[in-house]
Amino acid sequence: MEYGSYDNIGALAAYCYSTGLVSGTGSYIAGFLGDSSGIVTSCFYDRTTSGQSDTGKVTPEFTSEMQTESTFTSASEGGWDFAGETTNGTDDIWTIDTSAKPVKVNNGYPYLSALPPQ
């Protein structure tokens with residue numbers, strides 16, 4: 001394979017999300033994953049902040065849904081294990097700030113329980 005080639009890279013992405021702006025030119029521009037030849041499980045991107053609206057292996061959601069725990073816990077490919085819920089496991093891997101504070105932890109998006117944002 002030539003360096004920089006994206007053909008058949010066999011990537012694996014699981015239980016992840018993206019909230020950043022996506023821009024560029026070419027056929028590999030998408031909200032989260034430009035080439036969908038790899039295995040992708042239970043991943044999301046914020047279609048509001050990304051500027052994209054494509055669908056495929058990654059689920060596009062609006063910001064309000066990306067800041068709602070049930071979006072992730074009820075993922076059809078496998079729900080995320082959030083603190084306090086037991087349907088998807090008891091390891092409490094993810095946390096989300098649902099408080100009424102004007103400034104929420106991680107802007108209201110999920111974060112790893114073991115690595116709370118500063």
Side-chain angles (χ1 to χ4, degrees):
M1 179 186 335
E2 185 178 314
Y3 180 77
S5 172
Y6 296 101
D7 293 334
N8 301 314
I9 57 175
L12 168 64
Y15 302 97
C16 51
Y17 71 92
S18 171
T19 63
L21 176 65
V22 177
S23 63
T25 59
S27 60
Y28 289 112
I29 305 302
F32 181 86
L33 185 66
D35 178 0
S36 61
S37 64
I39 298 169
V40 181
T41 303
S42 197
C43 293
F44 301 84
Y45 76 90
D46 189 323
R47 70 182 332 161
T48 305
T49 59
S50 73
Q52 302 293 317
S53 62
D54 58 291
T55 58
K57 289 190 173 186
V58 180
T59 306
E61 297 287 0
F62 291 104
T63 300
S64 60
E65 285 108 11
M66 293 288 294
Q67 296 171 335
T68 303
E69 182 177 314
S70 62
T71 297
F72 302 94
T73 57
S74 62
S76 61
E77 306 88 13
W80 294 28
D81 181 359
F82 270 79
E85 65 86 36
T86 57
T87 302
N88 299 307
T90 57
D91 293 327
D92 296 341
I93 296 169
W94 295 94
T95 301
I96 196 166
D97 184 352
T98 59
S99 71
K101 298 183 294 189
V103 178
K104 296 181 183 213
V105 174
N106 203 33
N107 294 320
Y109 292 100
Y111 59 92
L112 293 170
S113 299
L115 303 170
Q118 300 299 314

Handout entry: Side-chain touch Trp94/Leu112, heavy atoms, less than 4.5 angstrom
Key = yes
Practice task
Please confirm whether the backbone N or O of Thr71 pairs with a side-chain atom of Glu61, one donor and one acceptor, at under 3.5 Å?
Solution key: no
Practice task
Quick one: list whatever passes side chain to side chain contact (heavy atoms under 4.5 Å, CB included) with Thr73, sequence neighbours left out.
Solution key: Glu69, Ser70, Phe82, Glu85, Asn88
Handout entry: side chain to side chain donor-acceptor pair (under 3.5 Å) against Trp80, all qualifying residues, sequence neighbours excluded
Key = Ser42
Completion exercise
The reported gap from CE in Met66 to OG1 in Thr59 (rounded to nearest 0.5 angstrom) is 9.5 Å
Practice task
Could you tell me the separation between the CD atom of Glu77 and the CD1 atom of Ile39, rounded to the nearest 0.5 Å?
Solution key: 13.0 Å
Completion exercise
By side chain to side chain donor-acceptor pair (under 3.5 Å), Tyr15 pairs with (sequence neighbours left out) none
Problem - From Ile96 atom CD1 to Thr68 atom OG1, the distance as rounded to the nearest 0.5 Å - result: 6.5 Å
Exercise for the section: Spell out, yes or no, whether Ile93 and Val105 are grouped together once hydrophobic residues are joined by side-chain heavy atoms under 4.5 Å, including indirect joins. Expected result: no
Exercise for the section: Write out all pairs satisfying salt bridge (charged side-chain N to carboxylate O under 4.0 Å, His left out) with one or both partners inside residues 98-107, taking only residues at least two apart or from two chains. Expected result: Asp97-Lys101
Handout entry: Between CZ on residue Arg47 and OG1 on residue Thr19, distance to nearest 0.5 Å
Key = 15.5 Å
Fill in the blank from the handout: Residues at least two apart in sequence or cross-chain that pass side chain to side chain donor-acceptor pair (under 3.5 Å) with Asp91, listed by chain then number, are none
Practice task
Give a yes or no on whether the backbone of Phe72 and the side-chain of Tyr17 come within a donor-acceptor separation of less than 3.5 Å.
Solution key: no
Exercise for the section: Please name all residues satisfying side chain to side chain donor-acceptor pair (under 3.5 Å) with Thr95, sequence neighbours left out, ordered by chain then number. Expected result: Ser113
Exercise for the section: List for me each residue that meets side chain to side chain contact (heavy atoms under 4.5 Å, CB included) alongside Ser18, sequence neighbours excluded, and say none if there are none. Expected result: Phe32, Tyr45
Exercise for the section: Using salt bridge (Lys or Arg N to Asp or Glu O under 4.0 Å) as the criterion, list what pairs up with Asp81, not counting sequence neighbours. Expected result: none
Handout entry: Heavy-atom check, side chain of Tyr109 versus side chain of Thr49, under 4.5 Å
Key = yes
Practice task
Please round to the nearest 0.5 Å and tell me the distance separating atom OG1 of Thr63 and atom CG of Asp46.
Solution key: 3.5 Å
